[in-house]
Number of protein chains: 2
Amino acid sequence: MAGSLQDIRLFVAAYEERSFTAAAQRENATQSGVSQHIRKLEERFRLSLFSRDKGRVCPTPAGDSYYRACLDVLRAHDAATKAVQGFVGGLEGELVVGLMPTMTRCVLAPALARFTEAHPNAAIRVVEGYSAALTQHVQAAELDFAIVPGTAGIAGVKSRLFTRTPEVLVASVRHAGRRNGEPVRTRELGPLRLVVPSRANTRRLSIESYFASNGIAIERLLELDAMLGTLDLVGRSEWVAVLPGIMMAADPEPGMHVINPLADPPLTLDLVLIEPARRILSPLASAFLGLLQEEAARVNARWDVPRPG
Amino acid sequence: MAGSLQDIRLFVAAYEERSFTAAAQRENATQSGVSQHIRKLEERFRLSLFSRDKGRVCPTPAGDSYYRACLDVLRAHDAATKAVQGFVGGLEGELVVGLMPTMTRCVLAPALARFTEAHPNAAIRVVEGYSAALTQHVQAAELDFAIVPGTAGIAGVKSRLFTRTPEVLVASVRHAGRRNGEPVRTRELGPLRLVVPSRANTRRLSIESYFASNGIAIERLLELDAMLGTLDLVGRSEWVAVLPGIMMAADPEPGMHVINPLADPPLTLDLVLIEPARRILSPLASAFLGLLQEEAARVNARWDVPRPG
DNA sequence: TTCGCGCGATTACGAATTCCGATGACCGCG
DNA sequence: CGCGGTCATCGGAATTCGTAATCGCGCGAA
């Protein structure tokens with residue numbers, strides 16, 4: 001009842017060769033097969049595609065028209081095949097990972113680009129969130145894994161160090177008297193207007209204790225959980241913030257911020273990988289994790305202090 | 001090895017329904033069949049088109065891409081089917097007819113238009129020629145039929161009257177003092193500069209004898225076998241010609257010629273249909289002949305003289 | 001004219017494919 | 001834990017497909 005591609009292939013061959021026999025050879029079939037297929041078409045359409053008299057086969061007007069249309073079909077089929085071939089190679093499957101904004105700002109994009117390139121037929125979904133929400137999702141095994149700030153162990157969640165990144169001081173280029181990139185000594189810091197995350201955020205505690213134990217005066221404290229808002233405020237005012245270096249490697253608005261790693265002593269942030277304890281990382285998850293780790297290392301290298309000697 | 005349209009149909013249905021079972025119902029197949037077809041595709045491409053986990057099928061990126069390409073294939077196939085459906089109805093076959101210029105000037109075009117409309121899948125070829133050549137081709141059975149001026153019987157050729165058309169006097173609108181269309185009496189004709197066909201043409205004899213037996217003076221005689229040239233010459237000079245009315249019903253350059261049927265007595269030309277004696281007219285040939293005859297009658301009516309009373 | 005020769009149509013039969021129905025595994029839900 | 005839904009799988013039936021052999025026809029050579 002319904003047409004098949006073989007009909008069309010053989011018809012096209014017969015049309016182009018002007019011979020059933022030649023068409024059969026070209027298409028690795030037999031003259032009889034070609035004849036049958038074309039007869040099937042003619043019966044379905046209730047009209048003849050070829051005129052067979054005088055020993056030669058030559059197309060009728062309907063055959064001419066059908067031939068041109070059939071070329072489109074074959075071209076489309078070829079295109080479909082080629083389209084899908086672009087997805088071969090690489091791993092397959094689905095992947096959902098949770099990342100905190102610290103990771104999504106600089107590291108995610110290049111890792112994602114390499115991942116989709118290497119595994120075109122993998123479906124990946126990234127959810128951005130803070131540690132509490134991400135940990136919860138990992139517990140529920142709704143995420144293959146997540147990257148969060150180092151925390152205490154949690155039931156049902158397996159964790160290990162993902163990377164360590166220096167915390168950096170971020171200030172406006174117009175108000176800070178420092179050169180971008182060079183380490184800043186704590187004793188050189190005057191009284192600061194400091195933007196910090198809320199107490200729900202793990203980093204808040206370490207930042208406060210760092211400033212306290214190094215005797216740095218804090219002129220004012222502003223609690224802000226919005227990362228984009230923090231960066232904007234810092235860029236336009238005398239407020240400064242302490243942020244993970246891994247997210248400040250590339251400034252989307254160059255020249256707006258001055259970024260200086262905290263040195264003497266340094267303050268670092270540990271990012272840990274958490275995954276559902278009951279599962280093991282899928283090959284796809286491992287692949288993406290590897291890429292994330294490579295990109296994280298590349299970005300962290302930006303803040304490597306040249307050692308003396 | 002090679003893809004089939006059924007693969008594509010079922011894949012598309014499964015993609016759109018997001019369910020093998022629903023796809024099977026839609027395509028009048030079984031869930032098992034759908035599953036097998038899609039597995040076949042996936043094995044050929046060596047990648048998965050659907051992700052089957054958690055009880056639902058959802059397309060992979062490759063599946064998405066393949067789906068879009070498959071729509072093009074199905075559209076193209078539909079277009080091919082519809083294209084050929086435009087040719088159903090009417091007769092089929094091949095037809096070669098021979099016509100003299102007398103027929104091709106006014107009668108052929110409308111007959112051809114109606115013919116191709118009514119029999120879209122028929123292949124028709126018209127060869128233009130003069131009676132000798134056409135008769136020869138009919139003898140050789142290379143033509144289904146031909147229309148030629150009435151002649152004596154010829155071996156191997158069956159003939160019968162096709163139509164009778166009045167001969168008309170054609171002159172330049174600038175040199176003739178007559179109104180277009182009205183009959184001209186022989187005695188009103190002064191000495192003429194007359195263009196005639198060569199002696200090979202059947203009409204030459206009848207034209208000469210007509211002028212002789214009606215005592216019309218011929219100032220000069222010009223032998224011209226080129227029909228287009230004759231018309232052009234007549235349109236631009238004092239030369240006149242006698243031509244079959246059936247070919248002068250529509251003047252391609254209106255206002256150039258004055259055309260007057262010869263009356264008192266009238267001169268007419270008999271056109272006869274000739275066909276190979278050993279064959280009978282194919283249905284296609286009959287159909288075209290009928291149309292030619294209708295159009296000839298319509299054109300001849302242009303010269304009907306309103307009868308008194 | 002007659003005789004091959006080439007080409008397509010037709011037929012019958014064996015092979016391959018497709019299709020179907022039943023069964024099994026899996027998941028979410030009650 | 002059973003229930004209803006899904007898809008995968010399997011074996012056999014039905015269909016399609018390819019093949020070989022044969023026939024008819026037109027053409028060209030003898």
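This one's a predicted model, so the numbers in the text were calculated from it and none came from an experiment. In what follows, chains carry the letters A, B, and so on, assigned in the order in which the sequence lines appear, proteins first and then strands, with residues in each chain numbered from 1. Every heavy atom of this structure was used, including side-chain atoms; hydrogens, water molecules and symmetry mates were not.
At a threshold of 4.0 angstrom between heavy atoms, the contacts of B:Q36 include nucleobase atoms, whether or not backbone atoms are also involved.
Expressed to the nearest 0.5 Å, how far CZ of B:R125 lies from CD of B:E94 amounts to 8.0 Å. Of the inter-residue distances, the one linking B:E16 atom CD with B:F11 atom CZ reads 9.5 Å to the nearest 0.5 angstrom. Distance check, rounded to the nearest 0.5 Å: OG1 of B:T163 to CG of B:L271 gives 6.5 Å.
For A:R39, no side-chain nitrogen or oxygen approaches OP1 or OP2 of C:dA9 to under 4.0 Å. In terms of phosphate contacts, B:T21 brings a side-chain nitrogen or oxygen within less than 4.0 Å of OP1 or OP2 of D:dC7. The phosphate of D:dC7 (OP1 or OP2) has no side-chain N or O of B:S35 nearer than 4.0 angstrom. Contact annotation: A:H37 side-chain N/O to D:dT16 OP1/OP2 distance is not under 4.0 Å. Phosphate contact (OP1/OP2 of C:dT17, side-chain N/O of B:K40, threshold under 4.0 Å): absent. Proximity of A:Q6 to the phosphate of D:dT16: no side-chain N or O atom is located under 4.0 Å from OP1 or OP2. OP1 or OP2 of D:dC7 sits under 4.0 Å from a side-chain N or O of B:S19.
Within the cation-pi definition used here (under 6.0 Å to the ring centroid, within 45° of the axis), B:R18 qualifies as a partner of B:Y15.
Contact of the A:L289 side chain with the A:F162 side chain is registered, since non-hydrogen atoms from C-beta on lie closer than 4.5 Å.
For the pair B:E27 CD and C:dC20 C1', the computed distance is 17 Å after rounding to whole Å. Per the geometry, CG belonging to A:L49 stands 12 Å off P belonging to C:dA9, to the nearest Å. Between B:F20 atom CZ and C:dC20 atom P there is a gap of 16 Å when expressed in whole angstrom units. Here the P atom of nucleotide D:dG18 and the CZ atom of A:R9 are 10 Å apart, to the nearest Å. When rounded to the nearest whole Å, the span between CD of A:E42 and P of C:dT10 equals 10 Å. Rounded to whole angstrom, the span from the CD1 atom of B:I38 across to the C1' atom of C:dC19 amounts to 15 Å. One atom, CD of A:E17, and another, P of C:dG6, lie 18 Å apart when rounded to the nearest Å. The CG-P distance, from B:L5 to D:dC17, rounds to 12 Å in whole Å.
For A:S32 against D:dT19, a side-chain-to-base donor-acceptor contact under 3.5 Å is present.
Considering only side-chain atoms of A:Q31, the nucleotide from D:dC7, C:dG8, D:dC17 that sits closest is C:dG8.
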